[in-house]
Asker: 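Please find one structure pasted underneath; my questions will follow.
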Amino acid sequence: MYSKLSMFISPHRQTPYSPVISFKWLVRSISSEKLVADDVETIFQIVNKSSEKHNVKESLKASGIFLSNDIIDKVLKRVRFSHGNPLQALEFFDYTSKRSGFFHTSFSYDTMLYILGRSRLFDKIWEVLADLRRKDPSLITARTLMVVLGRVAKVCSVRMTVESFRKFRRYVSVLDTECYNALFRTLCQEKSMTDARKVYHSLKREFKPNIQTFNILLSGWKSAEEAEAFFSEMLTLGIKPDIVSYNCLVDVYCKNREMKKAYELVEKMKEEEIYPDIFTYTSIIGGLGLVGQPDKARDVLKEMKENSCYPDVPAYNAAIRNFCIAKRLGDAHDLMDEMVSNGLNPNPTSYNLFFRYYYWANDFKSAWSLYGRMMSTDCLANTQSCMFLIRLFRRHEQVEMALVLWRDMVEKGFGSYTLVSDILFDLLCDMGKLDDAERCFLEMVEKGQKPSNASFKRIKVLMELANQHERLRILSEKMAIFGRAVQLHAREESAHSPPSYMY
């Protein structure tokens, strides 16, 4: 017996659970992750910096890096969030897909489709989907549908969005309820609830609505009466509401300042043993702010904790918004500090609430200080925050601050280059900063983003006055890259624009 036990306790015997082996495995794992990260960075730079198809292919071959699914997923993700060149990304995607026996992941396909859609390269989208149908149609999911429709709906009419939905019949075996739900979700997000409602009523005989259908269509209503009518239709069809359904109705009551109805509905939920969750409380907090009761809304945060429903960042944001609206910035900052002390990190929306206040208060110094705090916590600004900041800097002619914001956007890949650049170029041209304007222009083009014609004309005038004809020629060539594609999209949208009477 002793000999049998000794084999387990011997210091020289290394079992699969040995600390020595575990440590070695951890070191190898960390080393492997670093190698993958280095490979991803190398490939990303090749894709992002190459200017021609030939260069991409040759550089990829010369790198000697095995392009696994994991690396391809990570590279495409980098391209998406850094607003990289869509055509170069597609060339990389096509190059890897042509390898014998290779199949992209559904993540790679959906990310590639998003990148193309964001740049309005819709013809390329259908080409990628056709290739996917040939290789593995099972990868075309409701998520894929949402990615494509989301990009179409952002720039095209409701009719065009529905037509694109029907076009998916060529790529999937059947358009089931999940697919219809993807369409409604897209319309709610990118168009309006009115549009979603009209499309639902025109299509509801084609499929069988479920609880998810109604939960999608119940969210975002502005009119309490319309939301109640939809809620009643759900009950008529024998579909029992769940916590999401009730939360949608509570939210619309709160947004319409009907707090009595909201509280009555919460009591009804409890009677049916459906208890308020964090979304219910967040709606209540927002509603109390709208009726001018920010202190009572802050008390709801305490009530949540007492009911073992701990506030998250959106709940705190709702309470912070109330104090910002009431111009009680001290209380708003106290809540943000409380959020941090509870282990929660403020998100871009949290900071955007303050940037909005500083913008209207014309306080660029406080906005600049808050932006520094935001970046120090690795929280990237959203487009709204960027616009508040760049407009403030433009108003006060703060060129250096504006250039720091632009540099961060380029290096970290956040915000809308198109929207911010228009204001930035105005500022730089007004201040005679031609070199900076040219550099920012080229950085934008390198990202595959087209500067507006108005911005180009402003820079062009300054270059002509400064007799910088060679530099102007280079910029003109860069703009010409976008010329044909832009005209094509303009013709497409014009051809497919619905008559004024269409919804």
Side-chain angles (χ1 to χ4, degrees), residues 189-190 192 220 222 251 254-257 279 282-298 300-301 311-340 344-406 408-409 412-424 426-427:
Q189 292 173 351
E190 303 296 343
S192 70
K222 294 182 179 179
D251 189 58
C254 291
K255 287 177 178 176
N256 281 275
R257 298 177 171 83
F279 298 101
T282 301
S283 294
I284 296 292
I285 291 170
L288 289 171
L290 290 175
V291 296
Q293 298 180 344
D295 294 299
K296 188 174 181 180
R298 180 171 50 189
V300 174
L301 294 173
D312 60 0
V313 174
Y316 271 105
N317 284 349
I320 290 171
R321 181 184 289 107
N322 294 341
F323 285 119
C324 287
I325 291 173
K327 298 183 180 180
R328 292 168 56 180
L329 218 61
D331 290 312
H333 276 294
D334 289 343
L335 273 179
M336 182 177 273
D337 292 337
E338 179 185 318
M339 184 184 352
V340 173
L344 299 171
N345 295 320
N347 62 13
T349 301
S350 311
Y351 289 99
N352 190 53
L353 297 169
F354 292 95
F355 287 132
R356 183 188 302 274
Y357 176 89
Y358 292 137
Y359 173 77
W360 291 111
N362 204 26
D363 187 354
F364 78 91
K365 291 183 179 179
S366 295
W368 179 245
S369 176
L370 185 65
Y371 177 69
R373 172 182 171 178
M374 183 181 191
M375 295 304 292
S376 69
T377 61
D378 293 325
C379 180
L380 303 182
N382 59 21
T383 296
Q384 280 185 315
S385 295
C386 290
M387 293 304 292
F388 283 131
L389 287 167
I390 195 67
R391 284 170 176 160
L392 265 178
F393 301 153
R394 171 76 178 84
R395 186 184 298 166
H396 292 273
E397 298 183 343
Q398 295 295 322
V399 173
E400 292 305 315
M401 291 181 183
L403 289 175
V404 169
L405 172 64
W406 178 261
D408 290 342
M409 287 175 59
K412 300 182 183 296
F414 63 85
S416 167
Y417 297 131
T418 304
L419 295 176
V420 173
S421 66
D422 277 348
I423 301 171
L424 175 66
D426 271 348
L427 171 61

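Position 1 is the first residue of the sequence; numbering continues from there.
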Asker: Does Arg373 qualify as a cation-pi partner of Tyr351, given the criterion of NZ or CZ under 6.0 Å from the six-membered ring centre and within 45 degrees of its axis?
Answerer: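 No cation-pi geometry.
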Asker: Does the side-chain contact (heavy atoms from CB on, under 4.5 Å) test come out yes or no for Ile390 and Arg394, once each step is laid out?
Answerer: CA-CA 6 Å; Ile390 195 67; Arg394 171 76 178 84; 5.6 Å; no
Asker: Indicate the atoms forming the closest heavy-atom contact of Leu427 with Glu397, along with that distance.
Answerer: CD1-CA, 3.8 Å
Asker: Between CD1 of Ile320 and NE2 of His333, what distance do you get to the nearest 0.5 Å?
Answerer: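 Nearest 0.5 Å value for the CD1-NE2 distance: 9.5 Å.
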Asker: To the nearest 0.5 angstrom, please state how far the CG atom of Asp408 sits from the CG atom of Leu389.
Answerer: 10.5 Å
Asker: What pair of heavy atoms forms the shortest contact from Pro311 to Leu344, and how long is it?
Answerer: O-CD1, 3.5 Å
Asker: So which atom in Lys222 and which in Asn256 form the shortest heavy-atom distance, rounded to 0.1 Å?
Answerer: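 For Lys222 versus Asn256, the nearest heavy atoms are O-ND2, 2.8 Å.
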Asker: Could you tell me which non-hydrogen atom of Leu353 sits nearest to which non-hydrogen atom of Cys324, and how far apart they are?
Answerer: O-SG, 4.0 Å
Asker: Is Met374 close to Leu380 at the side-chain level, that is, under 4.5 Å between some pair of heavy atoms?
Answerer: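 Leu380 vs Met374: side chains apart.
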Asker: Quick one: does Cys386's side chain get under 4.5 Å of Met409's, heavy atoms only?
Answerer: yes
Asker: Would you mind reporting whether Arg321 and Ile285 have side-chain heavy atoms less than 4.5 Å apart?
Answerer: no
Asker: Taking side chain to side chain contact (heavy atoms under 4.5 Å, CB included) as the criterion, tell me which of Val313, Asp312, Asp334 meets it with Met339.
Answerer: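 Exactly one pass, corresponding to Val313.
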Asker: Rounded to the nearest 0.5 Å, what separates atom CG in Leu288 from atom CG in Asn322?
Answerer: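 Here the interatomic distance stands at 7.5 Å.
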Asker: Under a 4.5 Å cut-off applied to non-hydrogen side-chain atoms, are Pro314 and Phe279 in contact?
Answerer: no
Asker: Working to the nearest 0.5 angstrom, can you tell me the gap between Leu301 CG and Arg298 CZ?
Answerer: 9.0 Å
Asker: If you compare all heavy atoms of Tyr358 against all heavy atoms of Ser366, which two are closest, and at what distance to 0.1 Å?
Answerer: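 Shortest heavy-atom separation between Tyr358 and Ser366 comes out as CE2-CB, 3.4 Å.
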Asker: In terms of the angle between their ring planes, are Trp368 and Phe393 parallel, tilted or perpendicular, with boundaries placed at 30° and 60°?
Answerer: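 Rings of Trp368 and Phe393: perpendicular, over 60°.
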Asker: Applying the side chain to side chain contact (heavy atoms under 4.5 Å, CB included) criterion to Ser385, which one of Tyr359, Phe355, Phe414 satisfies it?
Answerer: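 Single pass found, and it is Phe355.
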Asker: Could you measure the distance from the CZ atom of Phe354 to the CG atom of Asp363? Nearest 0.5 Å is fine.
Answerer: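 One gets 13.0 Å once the value is rounded to the nearest 0.5 Å.
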Asker: Check whether any side-chain heavy atom of Pro346 sits under 4.5 Å from a side-chain heavy atom of Val340, and report yes or no.
Answerer: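 They are in side-chain contact.
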Asker: Hey, what do you get for NE2 (His396) to NZ (Lys365), rounding to the nearest 0.5 Å?
Answerer: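 Between atom NE2 of His396 and atom NZ of Lys365 there are 9.5 Å.
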Asker: Indicate the atoms forming the closest heavy-atom contact of Ser350 with Asn317, along with that distance.
Answerer: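 The pair with the smallest heavy-atom distance is OG-OD1, 2.6 Å.
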Asker: Examine the side chains of Asn345 and Asp378 and answer whether a donor and an acceptor come within less than 3.5 Å of each other.
Answerer: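 Distance-only check fails for Asn345 and Asp378.
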Asker: What I want to check is whether the side chains of Asn352 and Thr349 have a donor and an acceptor closer together than 3.5 Å.
Answerer: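 On atom types as modelled, these side chains do not qualify, holding no pair under 3.5 Å.
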Asker: Could you go step by step and tell me if Arg328 and Asp295 meet the salt bridge (Lys or Arg N to Asp or Glu O under 4.0 Å) rule?
Answerer: CA-CA 11 Å; Arg328 292 168 56 180; Asp295 294 299; 3.0 Å; yes
